[in-house]
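Here's the structure we're looking at; comments come further down.
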There are 2 protein chains.
Amino acid sequence: MVARSSRVTIHDVARAAGVSVSTVSKALNDTGRMASETREKIKSIAADVGFRPNALARSLLFNRSFTVGLLTNDTYGRFTLPLMSGISEALVDHGVSVFLCAIEDDPELAKVHVDAMLDKQVDGIIATGKRIDRSLPVDLAGLPVPVVYAFTEGVPGSVVLTADDADGARLAVERLRKVGRRKIVHVTGPDSFVSAVERADAFRQAVGAGAVVMHGTWTEGWGHEAVALLWDDEKPTPDGIFCGNDQIARGVVDALRERGVRVPEDVSIVGFDNWEIFADQTRPALTTVDMNLKELGRTAGLTILDLAEGRSVEAGLRKLPCKLVVRQSCGGDREI
Amino acid sequence: MVARSSRVTIHDVARAAGVSVSTVSKALNDTGRMASETREKIKSIAADVGFRPNALARSLLFNRSFTVGLLTNDTYGRFTLPLMSGISEALVDHGVSVFLCAIEDDPELAKVHVDAMLDKQVDGIIATGKRIDRSLPVDLAGLPVPVVYAFTEGVPGSVVLTADDADGARLAVERLRKVGRRKIVHVTGPDSFVSAVERADAFRQAVGAGAVVMHGTWTEGWGHEAVALLWDDEKPTPDGIFCGNDQIARGVVDALRERGVRVPEDVSIVGFDNWEIFADQTRPALTTVDMNLKELGRTAGLTILDLAEGRSVEAGLRKLPCKLVVRQSCGGDREI
DNA sequence: TTGAAAGCGTTACCAA
DNA sequence: TTGGTAACGCTTTCAA
């Protein structure tokens, strides 16, 4: 047995207006030719009875569901949420909604979700994760819908969007230089992360000969440890530290305070990520690199839309610029 | 003009199997009567050609989209993500997908999203937010689909799910008592939050006469300040502090360390939220109350499903129990 | 045991 | 200017 809808259909509008269903359709969609009087009358009646077309029926007809899937294994949502927000913002104007699927690192679960999305005829899938050099635990190649990878590894020949790590590193060094820092070191995460390596390379290039890069973990603890290594040494201490993320920066700032080293008077600190919960609560608040994840999301959304609507998009890795968010940890925030 | 699907339809299966469309449907759905040989043969052919029924078509027919909407104004996702994860986990087994809509505090945007969800015939809507005593900027009453409120204020007569704040407070005090603490104070957020008040009331009841509750902001800074107030006083200092969230707890722990007060040897600390990024990184790691948001999400998902499938659900506010996550800041983690 | 036909709600084509 | 009809992909009823 088939359930009955309790909602207002186009038939109801047609009956109320005393015209045919096709006339109503044409009136509401501003298609076809008809007396503008009739059109207006129908529109007003439709509004009165609260008619809204059933998107499922239209989707079936157009073979477009106005729906995209967002697949993520970033459980904690550090990257997914801003991305999601950008995607949604870009697509809502086009009437497109977003299915969010959290797949952890479970290939089975991932497959279930992908199948569910395909069954529901999503117009495209955006894949995202925690790092650019790891792929999701599911093969998205050869799907009957377009796929865009954002902040996760894509298959060869696919469209991949990510933040420009080198650009971020350059922004950080540039800022440290601008406030007069000359002995700058980089304290960052493991060199098994492509992001860490790209930032480190750009850092070395910007700082020049003798650039010091310290790889560790992405934690506050490593920030403390790095400060101990730098200050318990005989060598001269740095006057600027570029940290690979805001957690490390937080650790560095706390460790320096405990040693009586003033931030930003004695040492300037720049973080990475602009994770506001850390950046704002650190004393002093962190000047940090923002990866523009929301903008990345917006771009991903528009790209998947282009693809879904048959416009061609250049394949390959596209790096979007970062921006620097100035707070107090670097100094110069008042003068500049 | 109407676009053509490039996917395998039931017609393709019928053609390949040399039977009619209706026979294929019956075979695959295990309905109707037919030679089990035929049925198996059709099933195998369907699998071979990779047939998956178009969910849109079925939805249109059944008037069930196997889709629910999750509406949130919790931009930062502190509460939304675990909730979402629970919802998704509970519903994926039922073939239900989740539309996530972030609406900030924009009523216009909220309406756009709600309309989009209704157009897409969602089977129900779960509304969630940042606090139980504020409602979303959109009226969800009188919608043609069921609504469940989770962690946000609902309209009278609706189904509202939330964490049991009093239970959380009791768990915290119980733990502090268990490790031998006798002079316990509660440092928490503003008394304009119902959650803060409910926890404080339960705290007072558990601790008894002379219970000290200090209201402030939900920040690390307030944690520092509270410690200053408590320790710069002439009065005897507490040996246990129950904090209203993990950020306050972090501030308290840091402030105590700076004063040379040992945690947990001299003072035991219990936080609230189990926000892992704070709880884990605090030294010592925080023993804290977990609101079981994932479980709350699971319950919300199953509840909306009940409603969508016509089963009746008791209206009103339902409080789900919290749990204590033991780390090192309270002590007793090894003995007990 | 199988298949033709109607119908879910909508849009588009063509005839009136 | 308007309306009948077919079609989107599927399930179900009813007839063969």
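Order of the sequence lines fixes the chain letters, A, B, ..., with proteins taken first and strands second; residue numbering starts at 1 for each chain.
- For A:Ala35, the side-chain atoms get nearest to D:dT1 when compared with the rest of D:dT1, C:dT10, C:dT2.
- Between D:dT2 and A:Ser22, no contact under 4.0 Å exists linking OP1 or OP2 to a side-chain N or O.
- Picking from C:dG3, C:dA12, D:dT11 the nucleotide with the shortest atom distance to the side chain of B:Ile10 gives D:dT11.
- Between A:Arg64 and A:Val96 there is a side-chain heavy-atom pair separated by less than 4.5 Å.
- Listed for the A:Thr299 side chain is a donor-acceptor partner under 3.5 Å among the backbone atoms of A:Glu295.
- Put simply, A:Arg58 has a side-chain N or O that comes within less than 4.0 Å of OP1 or OP2 on C:dT11.
- Inter-residue side-chain proximity for A:His113 and A:Asp106 is flagged as unmet; no heavy-atom pair is nearer than 4.5 Å.
- Nucleic acid contact for B:Val21: base, since at least one base atom lies under 4.0 Å from a heavy atom of the residue.
- Across all strands, B:Thr38 comes closer than 4.0 Å only to sugar-phosphate atoms, never to a base (heavy-atom distances).
- In this structure, the side chain of A:Asp133 engages the main chain of A:Val194 through a donor-acceptor pair within 3.5 Å.
- Here the P atom of nucleotide D:dT11 and the CG atom of A:Leu56 are 14 Å apart, to the nearest Å.
- What separates CD of B:Gln121 from C1' of D:dC10 is a distance of 16 Å, to the nearest Å.
- As a whole-Å value, the separation of B:Arg64 CZ from C:dG9 P is 16 Å.
- Each of B:Ala57 and B:Met34 was assigned the nucleotide of DNA chain C with the nearest heavy atom; the assignment lying further toward the 5' end belongs to B:Met34.
- When distances are taken from the side chain of A:Thr23 to each of D:dT1, C:dA12, D:dG3, the shortest belongs to D:dG3.
- When rounded to the nearest whole Å, the span between CD of A:Glu40 and P of D:dT1 equals 14 Å.
- Distance from the side chain of B:Ser25 is smallest to D:dT12 among D:dT12, C:dA4, C:dT1.
- Remark: the A:Lys120 side chain and the A:Thr67 side chain contain no N/O donor-acceptor pair separated by less than 3.5 Å.
- Rounding to whole angstrom units, CG of residue A:Leu60 and P of D:dC10 are separated by 9 Å.
- One can place NZ of B:Lys26 at 12 Å from C1' of C:dA5, the figure rounded to the nearest angstrom.
- Whole-Å rounding puts the B:Arg33 CZ to C:dG3 C1' distance at 16 Å.
- Nearest to the side-chain atoms of A:Leu61 among the listed nucleotides D:dT11, C:dT10, D:dT12 stands C:dT10.
- Between B:Leu28 atom CG and D:dG9 atom C1' there is a gap of 13 Å when expressed in whole angstrom units.
- Listed pair A:Asn54 / C:dC8 fails the phosphate criterion, with no side-chain N or O lying under 4.0 Å from OP1 or OP2.
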